[in-house]
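Positions are given from 1, in the same order as the sequence printed here. Each ligand, and each atom within it, is numbered from 1 in the order the structure gives.
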Amino acid sequence: MERVISGIRPTGNLHLGNYFGAVKSFVKMQDEYNCMFFIADWHSLTTHPKPENIRQSARTILAEYLACGIDPQKAPIYIQSDVKQVLELYLYFNMNAYLGELERVTSFKEKVRKQPDNVNAGLLTYPTLMAADILMHKADKVPVGKDQEQNMEMARLFARRFNRIYDVEYFKEPESFHYTAEAVKVPGLDGSGKMGKSEGNCIYLCDDEATIKKKVMRAVTDAGPTMLNQEKPEPIRNLFTLLELVSGPEAYDYYNDLYNNMQIRYGDLKKQLARDINAFCAPIREKILAYSADEQYMQQVAREGAERARESADKTLREVREIIGFRSL
Ligand code: ADP
Ligand code: TRP
């Protein structure tokens with residue numbers, strides 16, 4: 001059966017972008033593939049979180065993964081830092097990764113712009129650690145959002161390069177995967193760009209009804225269409241994208257017709273959107289609270305997940321050491 005791996009950095013609560021871009025695919029894939037999901041806490045060190053937040057953030061994401069419907073019986077969940085084998089593979093990949101190519105990665109260049117005082121080597125080698133996460137389990141498919149495409153290309157590059165250097169057919173090239181025909185990019189409600197934690201424009205799965213309503217009602221709109229069948233400007237297109245994701249195609253068509261006939265009232269559309277987002281989040285919200293309160297179960301899930309991940313990682317590392325030339329003396 002094909003293998004699937006994916007992870008998310010624990011840097012805050014999961015938002016609708018994370019859900020529709022990644023976690024929804026995790027939940028669907030667990031029935032069809034040999035899946036493992038993890039919490040990328042080492043990756044989160046690139047932005048220097050406080051020690052007291054590290055475990056807490058990992059717990060938060062674990063409760064949220066479970067609340068979204070990942071079933072650890074079908075798909076083990078582990079915390080990246082519980083599987084130290086990944087670091088060894090990271091080291092090997094770093095030996096074959098070149099400064100120039102790492103510096104050209106868009107997300108690295110963005111970080112250089114955003115945090116010029118903290119351009120650390122971990123940021124530069126983010127793609128090699130990610131490649132180690134994936135190739136450690138010889139994954140075939142990796143469910144991630146569109147913004148991870150370049151990191152996926154790097155993972156394929158490191159796999160190919162390893163095979164070429166050692167003249168083996170060892171690592172397969174992993175492909176990114178999404179259930180929809182195209183990768184989803186969930187927009188923010190502030191008129192442009194994507195929903196993202198650092199953008200400060202997120203609706204979180206744990207937001208309560210009043211918060212959701214406030215956020216949606218404040219979404220950027222314009223004065224309305226001035227011509228029949230007018231093309232939508234970005235802020236309006238964004239609202240429609242969210243509507244299609246959360247409310248479904250019928251609601252989309254309904255408001256789309258009103259827009260095309262110049263009869264749309266954005267207030268109505270927003271009210272429906274807020275209602276539907278709340279209906280979607282409410283059951284997840286309740287489960288997040290329930291799992292968060294069950295310390296024992298969470299620990300058990302993380303422990304069992306780490307055991308499974310270590311088994312798979314040990315096997316890969318044994319083989320990789322052999323290929324590289326670390327044989328017993
Ligand atoms: P953030 O941008 O909020 O920091 P992450 O970068 O931690 O989120 O993303 C975790 C996962 O969620 C990745 O697979 C990413 O592709 C996906 N993701 C994040 N935001 C979006 C979005 N707005 N649309 C689609 N997928 C997203
Ligand atoms: N880079 C991913 C993100 O920001 C997180 C991640 C780390 C990941 N390692 C991974 C995703 C391996 C998939 C596979 O969301």
Inset, instruction - Would you mind running through ligand 2 and noting each atom that sits below 4.0 Å from a heavy atom of V142? - result: 13 (C), 14 (C)
Inset, instruction - If you have a sec, work out which protein heavy atom is nearest atom 24 (N) of ligand 1 and how many Å separate them, to one decimal? - result: V186 N, 2.8 Å
Inset, instruction - Looking only at distances, please establish whether an N/O atom of ligand 2 is found under 3.5 Å from an N/O atom of N151. - result: no
Inset, instruction - Determine whether the side chain, the backbone, both or neither of V184 has a heavy atom under 4.0 Å from any heavy atom of ligand 1. - result: backbone
Legend entry - Proximity winner for atom 18 (N) of ligand 1, if only heavy atoms of G145, A22, S25, G17 are counted: G17
Inset, instruction - Go through ligand 1 atom by atom and flag the ones less than 4.0 Å from a non-hydrogen atom of M195. - result: 20 (N), 21 (C), 22 (C), 23 (N)
Legend entry - Ring centroid separation H178 to F26 under 6.0 Å: no
Inset, instruction - Check if D147 has a non-hydrogen atom at a distance under 4.0 Å from any atom of ligand 1. - result: yes
Inset, instruction - For atom 11 (C) of ligand 2, find the nearest protein heavy atom and state the residue, atom name and distance (0.1 Å precision). - result: G7 O, 3.2 Å
Legend entry - Q272 and D276 side chains, donor-acceptor separation under 3.5 Å: yes
Legend entry - Residue and atom name of the nearest protein heavy atom (relative to atom 1 (P) of ligand 1), distance in Å to one decimal: K197 CE, 3.5 Å
Inset, instruction - Report, in ascending order of atom number, the atoms of ligand 2 lying under 4.0 Å from any heavy atom of R9. - result: 4 (O)
Inset, instruction - Decide whether S176 and E149 meet the rule of one side-chain donor and one side-chain acceptor closer than 3.5 Å. - result: yes
Inset, instruction - State the atoms of ligand 1, each with its element, that fall below the 4.0 Å cut-off from a heavy-atom position in R9. - result: 4 (O), 5 (P), 6 (O), 7 (O)
Legend entry - Modelled atom types, side-chain donor and acceptor of Y266 and D222, under 3.5 Å: yes
Inset, instruction - With heavy atoms of Y126 as the reference, note each atom of ligand 2 found under 4.0 Å away. - result: 1 (N), 2 (C), 3 (C), 4 (O), 5 (C)
Inset, instruction - Consider only side-chain N and O atoms of Q80 and D133, and report whether a donor and an acceptor are under 3.5 Å apart. - result: yes
Inset, instruction - Return yes when atom CZ of R104 has more than 12 non-hydrogen atoms of other residues, nucleotides or ligands closer than 6.0 Å, and no otherwise. - result: no
Inset, instruction - Could you see which bit of L129 sits under 4.0 Å from ligand 2, with heavy atoms only: side chain, backbone, both or neither? - result: neither
Legend entry - Short side-chain donor-acceptor distance under 3.5 Å, N96 and R164: no
Inset, instruction - Specify side chain, backbone, both or neither for H15, according to which of its non-hydrogen atoms lie closer than 4.0 Å to ligand 1. - result: side chain
Inset, instruction - State whether the number of non-hydrogen atoms from other residues, nucleotides or ligands found under 6.0 Å of R308 atom CZ is greater than 12. - result: no
Legend entry - Shortest protein heavy-atom distance from atom 9 (O) of ligand 1, along with the residue and atom involved: N18 ND2, 3.4 Å
Legend entry - E88 and Y92: side chain donor to acceptor below 3.5 Å: yes
Legend entry - Atoms in ligand 2 flagged as close to V144, the criterion being non-hydrogen separation under 4.0 Å: 11 (C), 13 (C)
Legend entry - Between D314 and Q85, a side-chain donor and acceptor under 3.5 Å: yes
Inset, instruction - Look at the side chain of T211 and the backbone N and O of D207, then say whether any donor-acceptor pair between them is shorter than 3.5 Å. - result: no
Legend entry - Atom indices of ligand 1, in the order listed, that fall short of 4.0 Å to a heavy atom of Q148: 16 (O)
Inset, instruction - Compute the shortest N/O to N/O distance between K194 and ligand 1 and return yes if it is under 3.5 Å, no if not. - result: yes
Legend entry - Part of Q148 within contact of ligand 2 (heavy atoms, under 4.0 Å): side chain
Inset, instruction - Just jot down the ligand 1 atoms closer than 4.0 angstrom to any heavy atom of G196, in number order. - result: 2 (O), 3 (O)
Legend entry - Aromatic contact, Y166 with Y170 (centres under 6.0 Å): no
Legend entry - Under 4.0 Å to a heavy atom of H43 - the qualifying atoms of ligand 2, by number: 7 (C), 9 (N)
Inset, instruction - May I ask you to check whether N94 and T125 show a side-chain donor-acceptor distance below 3.5 Å? - result: no
Legend entry - Numbered atoms and elements of ligand 1 in range of K185, under 4.0 angstrom, heavy atoms: 24 (N), 25 (C)
Legend entry - Location of contacts on F38 toward ligand 2, heavy atoms closer than 4.0 Å: side chain
